[in-house]
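Scroll down for the structure; my scribbles are underneath it.
None of these values were measured; they are calculated from a predicted model.
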Amino acid sequence: MNLTPSQWAALLPLLYPVVGACLVAIMSLDKDQATTKWIRAAMYGTALLAVGATFWYLTDLWTTGSQPAFYQLHMDRLAQFTGIFVVVAAALTILQGWDHFHQEGWVKGETLALLLFSVSGMILFASTTHFVALFLGLELFSIPLYALVGTVRARSESAEGGMKYFLTGAVASSCFLMGGVLIYGLSGTLDLAIAAPVLAAKGLGTDPLVLVGAALLLLGFLFKVSAVPFHQWTPDAYEASPHPIAGFMSVATKGVAFIALLRIFPVAFRELGVVGVKMQAVLAVLAVATLVLGNLTALVQTNVKRMLAYSSISHAGYLMLGFVAGTPAAFNGVLFYLVIYLAMNMGAFGLLTAFGLVGEKTTFDDLRGLGWKRPAMGVSAAIIMLSLAGIPPMGGFYGKYMIFRELVATGHVGMAILGVLASLVSAYYYLRFLVALFLQSPGVEAERLASDRPAVHAPLAGASVLVCAAIVMAGGFLQAFLADGFARRALVEGLGLLR
Amino acid sequence: MTWLNSHPLTFLVFAPTLLGFLIMALPHSLGRLSRMLGFMGALAVFVLSLAWLLGHSGTGATIFIERAPWFTLVGLPVDYHLAVDGLNLWLVLLTTFLVPLTMLGTWNSLKDRIGTFAALFLLLETGMLGALMAQDLFFFYLFWEAMLIPMYFMIGVWGGDERRYAANKFFLYTLSGSLLWLVALLYLANKAGGFNPILMGQAASALPFSVQCWLFISFAVAFAIKVPLFPLHTWLPDAHVQAPTAGSVILAGVLLKLGGYGFLRFAIPIFPAAAMHYAKPLALLSVIAIVYGALVAMVQRDIKKLVAYSSVSHMGFVMLGLASFTVIGTQGAMLQMLNHGISTGALFLLVGMVYDRAHTRMIADFGGVAVKMPVFTAFFLIVTLSSIGLPLTNGFVGEFWILNGAFLSGFGWGRLYASLATSGVLLGAVYMLWMFKRVFWGPENKDEDSGTHHLHSDLNAREVAVMLPLVVLILWMGIHPRTFVAVSEAPVANLLREANAPPVRTFVLKPAVHQAPAAHEAGHEGHAAEPAAHEVHR
C-alpha cells in the first residue's frame with residue numbers, strides 16, 4: 001500500500017515512539033544494563049530521542065498549521081495538542097525516571113519501552129472517532145501502564161497495585177467495548193461521528209440501548225480519569241508505581257481520556273442532543289461526588305503519594321465541572337487546565353524523586369525540613385502546591401477561574417460554590433506538604449536516616465521540577481497566550497468549536 | 001528614567017518583589033547582607049513613595065493612574081489598572097512607612113533565615129501595595145490572595161509554638177471568604193462584561209435587590225474577615241500571638257486595613273442600596289466587636305494577646321464609622337485606620353522589644369518595669385494613651401469623629417449605637433491602663449524567673465529611632481488630623497452622595513423637634529444636610 005505524504009504525516013507521530021520503544025527493547029536485552037552506565041545512557045537517550053522527535057514533528061505540524069489525516073486517524077489540531085501534551089509528560093517522566101530508578105536500584109530498559117508504547121497509544125486514543133481505533137488506542141496505552149505499575153517486582157505492594165489496576169481496568173475496557181458494540185449494532189457504523197447522525201435520523205436518539213451504550217462508553221472514560229465511583233484503583237496504583245510513572249499516569253492518562261471524551265461526547269454525539277444532556281446530568285452528579293470524596297479523603301492521608309492520588313481524583317472533578325458547563329469556552333478552560341495540571345502533577349511527583357524519597361518512605365514525615373535543605377526544590381514545591389490549591393498568581397488559579405466562570409455563566413452557581421469550597425478543603429492538604437517542607441524541623445531519627453541515605457543527587461529530576469515550576473508560573477502570567485494561542489486554537493481548528 | 005516617570009506605581013509595587021527574588025537567590029550565609037539589602041530597598045521605596053505621591057497631592061482627584069488592558073480570558077477583559085487617589089494615598093504611605101520601620105524595629109529579633117524573612121517581607125509589601133492601588137477587581141483579587149502566601153510563611157516559619165496551627169488557620173480562614181467572594185465576583189463580572197468596578201456597579205444596580213444583597217454579603221464577608229469584624233475575628237488572636245513581631249505589626253498595621261478599605265473602595269460603591277440595607281447589622285456587629293473585643297482584652301494575661309483583642313475593638317470603630325454613612329464618620333474611619341496602623345503597630349513593636357529581652361509576654365511576669373527601662377516606659381505610655389484615645393493623640397480624633405458620625409447619622413439606630421460604642425472607649429482605657437499599671441508601675445518584680453528580672457538594658461539608639469517617628473505621627477495626627485484626611489474628603493463625600501446616604505440629623509438640643517427616622521428619606525434629595533457634617537467636622 002502506497003501512502004501519500006499527508007497520510008505519512010498523520011502516522012509519523014505514532015511511529016516515532018514505537019520505533020524508539022523497539023530499539024530500547026532490543027538494547028534492554030543486554031544483561032549488564034543495570035550496571036553498565038553507557039547502555040543505560042543509550043536506552044534513556046534513545047527514549048528521549050524518540051519523544052523529542054515526536055515533539056519536534058508535532059510542533060512543526062502545529063506551526064505550519066496542516067492537519068493531515070490517515071483514514072479515521074485525524075492528526076488535527078486537537079490531536080497535535082494531545083500529542084505535545086503527552087510527549088512533554090513522557091519526557092519529564094524519562095528525566096525523572098533516570099534518577100528515580102537509580103535511587104531505587106532498579107534499572108530496567110523495559111520500563112522505557114513500555115512508556116513509549118503507551119505514548120503512542122495515547123496519541124492514537126485522542127485522535128480518532130472510529131471506535132476500533134479508539135479501543136486499540138485505549139488498550140495500547142493501558143496495557144503497558146498495567147505492567148509499569150507493577151514494575152518494581154521487589155516490592156510486594158507494587159505487584160498488588162499493578163494487579164488491582166489491571167483487573168479493574170480490564171473490566172472498564174470491556175464495558176467500553178460493550179458500549180461501542182451497542183452503538184455499532186444500532187447504527188451500523190463504527191465511526192462514532194457518523195453513528196450519531198445515523199441514529200438521530202433513525203429516531204433512535206432516545207432509545208434505551210443507545211443510552212446504555214453511551215453510558216458504557218462514558219464509564220470507560222470516567223474510569224481512566226479516575227472519577228468517583230471508578231476511582232478505587234487510583235491510590236493503590238499510584239502508591240505501587242514508581243514516582244515518575246505515577247506522575248505520568250496521573251497526567252497523561254487523565255489528559256487523553258478527557259480529550260477523547262471531549263471529542264466523542266460533546267462533539268461527535270452532538271446530534272444525539274438528548275444523550276448529551278443526560279450525560280451532562282450524570283457528569284454533574286459524578287463531578288460533585290468526585291470533588292467531595294477526593295478532597296475529603298485526601299485530607300486524612302499520611303502518605304504523600306496517596307494524597308497526590310486523591311488530589312488527582314479531585315482535579316478530575318474540576319475538569320468534569322468544565323464538561324458540566326459544556327460551553328466551548330469551558331472546554332477551552334479544560335484544555336488550559338490540563339496544560340497547567342501537567343506541570344503541577346509532574347512537578348509534584350518529580351519532587352518526591354528530587355528529594356530522594358524511595359520505597360515506602362513517602363510520608364509527610366519523610367519530607368520534614370527538606371525545603372530548607374534544597375531551597376530551589378523548596379521554592380518549586382511552594383509554587384506547585386499553591387498552584388494545585390488554586391492560589392493566584394499561579395497558573396492553577398486560572399484553570400479553575402476559567403471553568404468556574406463558565407459554570408457561573410451557564411447558571412450553575414451552586415456547582416461553582418461547591419467547587420470553590422472543594423478547593424478550600426484542598427488548600428489544607430497542599431499546605432500540609434509545605435508545612436512538612438518548611439514549617440517542621442526534621443526529627444532526630446529523620447536526620448540520622450538522612451545521613452545514612454545515599455547522597456541525593458537527582459539533577460535531572462530537579463531540572464524537570466524546575467521546568468514544571470516555570471510552566472506553572474508562566475501559566476499565571478502568560479495565561480491569555482496559553483489559553484488563546486494554544487488551547488483555543490486546538491478547539492477552534494481541531495474540532496470546529498468556538499467559531 | 002522616562003519609563004519611571006510614566007510608571008511610578010508599577011515601580012513602587014513591583015520593585016520590592018524584584019529585590020525579594022534577588023535576596024532569595026543569595027545564599028543563607030549572606031543573611032546579614034540580605035537583611036541590610038532588604039531594609040535599604042524598603043527604605044528607598046518609602047522615600048520614593050513620599051516624594052512622588054506627596055509631591056503631587058493636594059486635590060482629592062486621582063493623583064497617579066496607570067491603566068492598560070492586560071488580557072482577556074473567557075471573554076472577560078482584565079485591566080492592569082493601578083491608581084493612587086484620595087482614598088488610598090495615606091494607606092499606601094502607611095504601608096511603605098511601616099515596612100522599613102518594622103524591619104529596623106525587629107532587626108535582631110530573628111536569629112535564623114533572616115535573609116528569607118526579609119525577602120518574604122518584600123513580597124508581602126508588593127501584595128499590600130498592589131491590593132491598595134489596584135482598581136480592577138480581578139487585579140485586586142490577585143493581590144488580595146497572593147498576599148496570603150508570604151504572610152503564611154512568616155507566621156508559620158518564624159512564629160511561636162503554635163505557629164503551624166495559627167498559620168493554617170489564618171490562610172484557610174481568609175481563603176474561605178475570598179473564594180466565595182470569587183464566585184460573586186464572577187457572577188457580577190458576567191453581568192457587567194468585565195471587572196471594572198464602575199461597570200460592575202451599573203450592572204449590579206440592574207439586578208434584583210435580593211441578588212444585590214447576596215452579592216453584597218459575599219463581598220462583605222470577604223472583607224469582614226480581614227477587618228476582622230465580630231464574629232469572623234477568631235483567626236486574629238491566634239495569628240497575632242503566634243506571628244513574629246514584624247508579622248504582627250504588618251498584620252495589624254496594613255492587612256486589617258485592607259478589609260475596611262475594601263468596603264470603602266468596592267463593596268459600598270458597587271452595592272450602595274444593599275450597603276444601606278445592611279448598615280444596621282454591620283453597625284450592630286461593629287458595636288459588638290468594640291465592646292466584646294475590649295472585654296476580652298481586659299482579661300488577657302498575655303500582653304500581645306491583649307493588643308490583638310484591642311485590634312478587634314479598634315477595627316470595630318472603623319466599621320462603625322463606615323456603617324454610619326456620614327462624611328464625618330467615614331472620614332473618622334479613614335483616620336482610625338491610619339491611627340490603628342500607627343498605634344497598634346507601635347504597641348506590637350514595643351511588646352516585641354520587651355519580649356526580645358525578657359522572653360516572656362505574661363503580664364504577671366512583670367512589674368516595676370518603669371524603674372528598669374524609663375525610656376521604654378515613656379514610649380509605651382504615649383502609645384498607650386494614643387490607643388486609649390486621649391485628646392491630642394491620634395486615637396481621640398478618629399474615635400470622636402466616628403462616634404460623632406454614628407450619632408449624627410440618618411439611621412434610626414445611630415444614637416443608641418454611638419452611645420453603646422462610647423463604652424468601648426471607656427473599656428479601652430480600663431484594659432490598657434490596668435495592663436500598664438501591672439507591668440510598669442508598682443514595686444519591681446524581684447523574682448528570679450520574672451520578666452522584669454531579665455530586663456538588663458533600656459532601649460538602644462536603633463529602637464529609639466524606630467519609636468520616635470511613630471510618636472511624632474501620633475501627636476501630629478492628634479493635633480492636625482487634616483493633613484491626613486483632607487485628601488480623602490472629596491472622594492468620601494462623593495461616594496456617599498452617589499450612594500444616596502441618608503442625610504445627617506442636625507444636632508438639636510430641643511427634643512421637641514425630633515424628626516421621624518430618616519431612613520425613609522434615603523431615596524430623596526439626601527445630601528441637603530451634608531454641609532452640617534462639614535461644619536461639625538471643622
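- B/F143 does not touch chain A: none of its heavy atoms, backbone or side chain, sits under 4.5 Å away.
- Side-chain contact between B/F71 and A/D484 is absent, with no heavy-atom pair separated by less than 4.5 Å.
- Closest approach of A/P392 to B/L142, counting heavy atoms only: CB-CD2, 3.4 Å.
- Separation of atoms CG (B/L73) and CD (A/Q479) is listed at 6.0 Å; rounding is to 0.5 Å.
- Aromatic ring pairs are classed by plane angle as parallel below 30°, tilted from 30° to 60° and perpendicular above 60°; the pair A/Y401 and B/F195 is tilted.
- Within 6.0 Å of the CH2 atom in A/W372, the count of heavy atoms belonging to other residues, nucleotides or ligands exceeds 12.
- Atom-to-atom distance recorded for A/L431:CG and B/Y152:OH is 4.0 Å, nearest 0.5 angstrom.
- When ring centroids are compared, B/Y141 and A/F397 come within the 6.0 Å threshold.
- For chain A, no part of B/Y173 is nearby; none of its heavy atoms comes within less than 4.5 Å.
- Taken from CZ in A/R432 to CZ in B/R164, the straight-line distance is 11.5 Å, to the nearest 0.5 Å.
- Each of B/I149, B/L182, B/V78, B/T72 has some count of heavy-atom pairs under 4.5 Å with chain A, and the biggest count is that of B/I149.
- Heavy atoms closer than 4.5 Å to chain B are found in both the backbone and the side chain of A/I417.
- Checked against B/S176 for a side-chain contact (heavy atoms from CB on, under 4.5 Å), the options A/V420, A/L421, A/L424 give a single hit: A/L424.
- Annotation: residues 239-247 of chain B contacts chain A through no residue [non-hydrogen atoms, separation under 4.5 Å].
- Atom OH of A/Y428 is surrounded by 12 or fewer heavy atoms from other residues, nucleotides or ligands within 6.0 Å.
- Heavy-atom minimum distance, B/L179 versus A/S423: CD1-OG, 3.9 Å.
- Side-chain contact between B/L175 and A/I391 is present, with at least one heavy-atom pair separated by less than 4.5 Å.
- Looking at A/E406, only its side chain comes within 4.5 Å of chain B, counting heavy atoms on both sides.
- Using a 4.5 Å cut-off between heavy atoms, B/W144 does not touch chain A at all.
- Under a 3.5 Å cut-off, the side chain of B/R163 and the backbone N or O of A/L439 do form a donor-acceptor pair.
- Heavy-atom contacts from other residues, nucleotides or ligands closer than 6.0 Å to CZ of B/F14 number more than 12.
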